[in-house]
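In what follows, a structure is listed as structure tokens, so that the remarks can point back to it.
Naming convention: chains lettered A, B, ... in sequence-line order (proteins, then strands); numbering from 1 in each chain. All figures in this text were calculated on a predicted structure; none of them were measured in a lab.
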Protein chains: 2
Amino acid sequence: MTEIDIKILLVDDHAIVREGYRSLLQKQPNLTVIADARDAAEAYQNYKTFQPDVVIMDISMPGQSGLEAISRIRQYDAQARILVFSMHQNPSFALQAIRAGALGYVTKSSDPTLLIHGIFQVYENKLSLSPDIAQALALEKLGQDKARLDDLTVREFEILRLLLEAKNNQQIADILNISPKTVSNSHYIIKRKLEVNSDIELTRLAIRMKLLNLRDLIDEAE
Amino acid sequence: MTEIDIKILLVDDHAIVREGYRSLLQKQPNLTVIADARDAAEAYQNYKTFQPDVVIMDISMPGQSGLEAISRIRQYDAQARILVFSMHQNPSFALQAIRAGALGYVTKSSDPTLLIHGIFQVYENKLSLSPDIAQALALEKLGQDKARLDDLTVREFEILRLLLEAKNNQQIADILNISPKTVSNSHYIIKRKLEVNSDIELTRLAIRMKLLNLRDLIDEAE
DNA sequence: CATCACACGGGAAATTTGCCCGATGTCCAT
DNA sequence: ATGGACATCGGGCAAATTTCCCGTGTGATG
């Protein structure tokens, strides 16, 4: 076995988490944390300065997102090996991270050994996804979200939009010149087609589908 | 100076974060981590078993919430000193945590020394809020939208959170060990207090209040 | 012209909502 | 320790809504 020593750059905005990485990674003989960073800009700078073998990156950081940092680093060095370590179970995050140029995606809630394993995988230029994400992504490939929306008829879609504006059946009936009964029937059909069983779920789905204009909803930035 | 040694119970569902605490706290001579837990039930059990001086608790955990754990522990020991260490900047979370019986609330993004400082404060039965939260809480007094949110009792707030996760009455009842009827009653009271007429409106309000984590909801960055 | 998808809405059962109530528990101040 | 103010929990029940199935009319299409 050759002597390998993987140089790592840590990127996370939470000091406590960086501390956790260090403690965990220090126990591995072949890994050395050579630098860290708390935001996207610092990550980019330190990548250029320290030329790490693997970058471990959190993608939910204030200001510039981790995804942006991934793109920047990959633009500077197309060979950069980046492993995303995120709290988001949402497979779409993983997909975006991979698209942006990450080689791995491991959720924070998975077993820490998966992180170690991921580092070695990524070091060897291999894709590494934690099992929960891999499975979710596979399921998602079986494609449903967008397709289901397309199942709605034009009228149903129209009614959905009005429902999402928190209008009641009577108001919608007045707007469309139909009976409130028809509205409520459509409401039911919409939920069935979209495979949700409550209005809360419906609203969440609508947000994901960008049917609901978030900017109309949110006054303040964070 | 007398010899003090504060025994700590760590509660967080992420292994990496527990690792971070350990590493950080170990450096403090007067602090000893005597146990940890990854969910509310385990937290309660380990509190009884190990009788720690201070509990450090994350409140966003799967299943039973941290708020529930706080209540349970305080019910068992009214003197329990609990410091919440949370990723939520939303001051309403802090307020509810304090109401549930926590003595401190520090955000994960604050400087780690604040956590240490908070531990000593709480150990001495003093309230401890990280500056960002204290300020936000003060500012909030000037607002009015948030005021309605604060009208909710701790229990109602907790039920609201579960409702927003699109759980049905039976699921929430199972999680909180109450009857589905109580859940539906609370659901109604919540809507009345927040002055909304439908679940869609409720969800929209929750988004504006940032009770709903948009990052968990949205697929694509913008 | 036959069919097929769609819009519309009635009917009836099942469920939820809206609002009431009382029992119990806890905290706090007198 | 006693009273009062809340808070939690859930039963009851009428009114309202949802859920599900149904039929009708209409317009497009093969």
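- The existence of a salt bridge linking B:Lys193 and B:Asp151 is excluded, since no basic side-chain nitrogen approaches an acidic carboxylate oxygen closer than 4.0 Å.
- In this structure the side chain of B:Ile4 reaches within 4.5 angstrom of the side chain of B:Phe120, judged on heavy atoms.
- Each of A:Leu160, A:Asp199, A:Leu163 was compared with A:Lys191 under the side chain to side chain contact (heavy atoms under 4.5 Å, CB included) criterion, and only A:Asp199 meets it.
- Atom pair A:Ile172:CD1 and C:dC8:P shows a separation of 13 Å (rounding to whole Å applied).
- At whole-Å resolution of the value, CG in B:Asn168 and P in C:dT15 are 13 Å apart.
- Here D:dT18 is the nucleotide among C:dG18, D:dT18, D:dG11 with the atom lying nearest to any side-chain atom of A:Lys191.
- Counting distance only, with no hydrogens placed and no angle test, the side-chain atoms of A:Asn185 and the base atoms of D:dC20 include a donor-acceptor pair under 3.5 Å.
- Between the OG1 atom of B:Thr182 and the CD1 atom of B:Ile172 there is a distance of 12.0 Å, given to the nearest 0.5 Å.
- Distances shown here put every side-chain N or O of A:Arg192 at or beyond 4.0 Å from the OP1 or OP2 atom of D:dC20.
- Using a 4.0 Å cut-off, some side-chain N or O of B:Thr153 falls inside it from OP1 or OP2 of D:dT8.
- Between B:Leu67 atom CG and D:dT8 atom P there is a gap of 12 Å when expressed in whole angstrom units.
- Projected onto DNA chain C by closest heavy-atom contact, B:Gln75 and A:Arg155 fall at different nucleotides, the more 5' of which corresponds to A:Arg155.
- Within 6.0 Å of atom CD in A:Gln26, more than 12 heavy atoms from other residues, nucleotides or ligands are found, so the atom counts as buried in its surroundings.
- Within the 4.0 Å cut-off from OP1 or OP2 of C:dC19, at least one side-chain nitrogen or oxygen of B:Tyr188 is found.
- If you take CD1 of A:Ile178 and P of D:dG25, they are 19 Å apart, rounded to a whole angstrom.
- A 4.5 Å side-chain heavy-atom check between B:Tyr21 and B:Asp12 finds at least one atom pair inside the cut-off.
- Residues B:Asp5 and B:Thr32 have side chains that bring a donor and an acceptor to within less than 3.5 angstrom of each other.
- One interatomic measurement links the two molecules: CG of B:Asp151 to C1' of D:dA7, which rounds to 14 Å at whole-angstrom precision.
- OP1 and OP2 of C:dA7 both lie 4.0 Å or more from every side-chain N or O belonging to A:Ser186.
- In this structure, A:Thr182 does not reach the C:dC8 phosphate: none of its side-chain N or O atoms is under 4.0 Å from OP1 or OP2.
- With the end axes of the helix from C:dC1-D:dG30 to C:dT30-D:dA1 each set by five pairs, the angle from one to the other reads 30° at 10° resolution.
- Between B:Leu176 atom CG and D:dC9 atom C1' there is a gap of 12 Å when expressed in whole angstrom units.
- When each of A:Lys193 and B:Ala78 is assigned the nucleotide of DNA chain C with its nearest heavy atom, A:Lys193 is the one assigned upstream, toward the 5' end.
- Judged by distance alone with a 3.5 Å cut-off, a donor-acceptor contact links the side chain of B:Lys181 to the base of D:dG12.
- A salt bridge links B:Glu68 to B:Arg155: one of the charged nitrogens lies within less than 4.0 Å of a carboxylate oxygen.
- Distance A:Asp174 CG to C:dC8 C1': 16 Å, rounded to the nearest Å.
- Whole-Å rounding puts the A:Leu160 CG to C:dA7 C1' distance at 17 Å.
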